[in-house]
There are 2 protein chains.
Amino acid sequence: MNEQVPSQDNESPCHYRRALEVVSSKWTVLVFYELENGKKRYSDLKKAIEGVTQKMLTQTLRQLERDGLVSRCVYPTVPLTVEYELTTLGKTLIEPMRILHKWTDAHYDSVLQARKAYDKENA
Amino acid sequence: MNEQVPSQDNESPCHYRRALEVVSSKWTVLVFYELENGKKRYSDLKKAIEGVTQKMLTQTLRQLERDGLVSRCVYPTVPLTVEYELTTLGKTLIEPMRILHKWTDAHYDSVLQARKAYDKENA
DNA sequence: CCGCATCCTGATCGATACTG
DNA sequence: CAGTATCGATCAGGATGCGG
């Protein structure tokens with residue numbers, strides 16, 4: 001494992017840089033929204049998030065766990081059961097994410113339209 | 001040119017997927033925050049955003065332009081002057097971004113701490 | 001000053017096969 | 001069930017040089 005590991009150095013005065021560091025991967029958002037309404041099992045996440053591979057799901061979950069946003073609980077059943085859940089810290093992110101999501105719902109069509117216009121012009 | 005161009009197909013029912021599509025690149029956020037307070041010239045953006053290369057800055061600006069969030073204005077002076085500015089659509093994103101930024105200010109230390117703890121445990 | 005084209009490297013990600 | 005390990009392919013992004 002040990003693919004990308006965002007370093008905790010980079011103490012630049014520019015804090016904006018961090019703003020999306022935590023949340024900015026494709027799958028992170030999707031996992032986050034799945035966990036918004038309570039704990040879920042690994043396999044359920046996998047089913048719910050269309051197109052995610054085992055590798056990506058695990059990687060994303062590990063990152064969220066490392067960042068303290070998600071907790072992982074293993075039940076030693078046979079076969080294994082693993083549940084993921086937002087931590088207290090993780091829950092504080094729900095509201096900001098919802099707001100961003102609302103923006104998308106409200107304005108995504110405009111973005112699509114803008115793209116179409118731009119592409120036509122620069123054909 | 002024509003490196004990454006997010007397609008406008010992908011009409012999956014899962015709208016969450018789009019939520020960060022528009023905004024999720026490292027430099028997009030930084031450019032956005034620079035333009036939050038009014039128009040700026042290319043060279044000023046370059047100076048303001050530490051570490052960005054010409055290529056990345058231009059690429060980011062083109063994307064934002066394509067998405068209809070930023071407008072580009074060329075003054076045929078010698079030498080050339082180019083100014084960038086948030087569009088009306090772009091301005092609607094300011095508030096969501098601010099909220100995300102506030103979350104970062106409030107909780108980033110916790111994330112850093114969580115990482116340190118996680119890394120120590122999994123040494 | 002503002003940007004595009006090209007080359008090149010390392011990171012990312014999917015596919016596949018294999019464990020507790 | 002819930003992962004880990006490894007191998008390729010693809011892609012982002014830095015460096016450099018040129019052009020309007």
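A, B, ... follow the sequence lines: proteins, then strands. Residue 1 opens every chain.
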What is the distance, rounded to the nearest whole Å, between atom [atom1] of [X] and atom [atom2] of [N]?
X	N	atom1	atom2	answer
B/Y42	C/dG3	OH	P	6 Å
B/I49	D/dG14	CD1	C1'	17 Å
B/M56	C/dT9	CE	C1'	14 Å
A/K40	D/dA2	NZ	P	14 Å
A/L61	D/dA2	CG	P	11 Å
A/K26	D/dA12	NZ	P	12 Å
B/L57	C/dC1	CG	C1'	13 Å
B/Q59	C/dC4	CD	C1'	12 Å

N/O (side chain, [X]) to phosphate O (OP1/OP2, [N]) under 4.0 Å:
X	N	result
B/R41	C/dC2	yes
A/R62	D/dG3	yes
A/Y84	D/dG3	yes
B/T53	D/dG13	no
B/S43	C/dC2	yes

With the side chain of [X] defined as its heavy atoms from C-beta on, choose the nearest nucleotide among [options].
X	options	value
A/T58	D/dG14, D/dT4, C/dG3	D/dT4
B/R72	C/dC2, C/dG20, D/dG13	C/dC2
A/Q54	C/dC1, C/dG3, D/dG3	D/dG3
A/P79	D/dC1, C/dG14, D/dG20	D/dC1
A/K55	C/dC2, C/dC4, C/dC13	C/dC13

Kindly say whether [Y] contributes a backbone atom to a donor-acceptor pair with the side chain of [X] at under 3.5 angstrom?
X	Y	answer
A/Y33	A/M97	yes
A/T60	A/W27	no
A/T92	A/L89	yes
B/K46	B/V52	yes

Determine the contact category for A/Y75: base if any of its heavy atoms lies under 4.0 Å from a base atom, sugar-phosphate if only primed atoms, P, OP1 or OP2 are that close, otherwise nothing. nothing
Is a side-chain donor-acceptor pair under 3.5 Å present for B/T81 with B/Y42? no
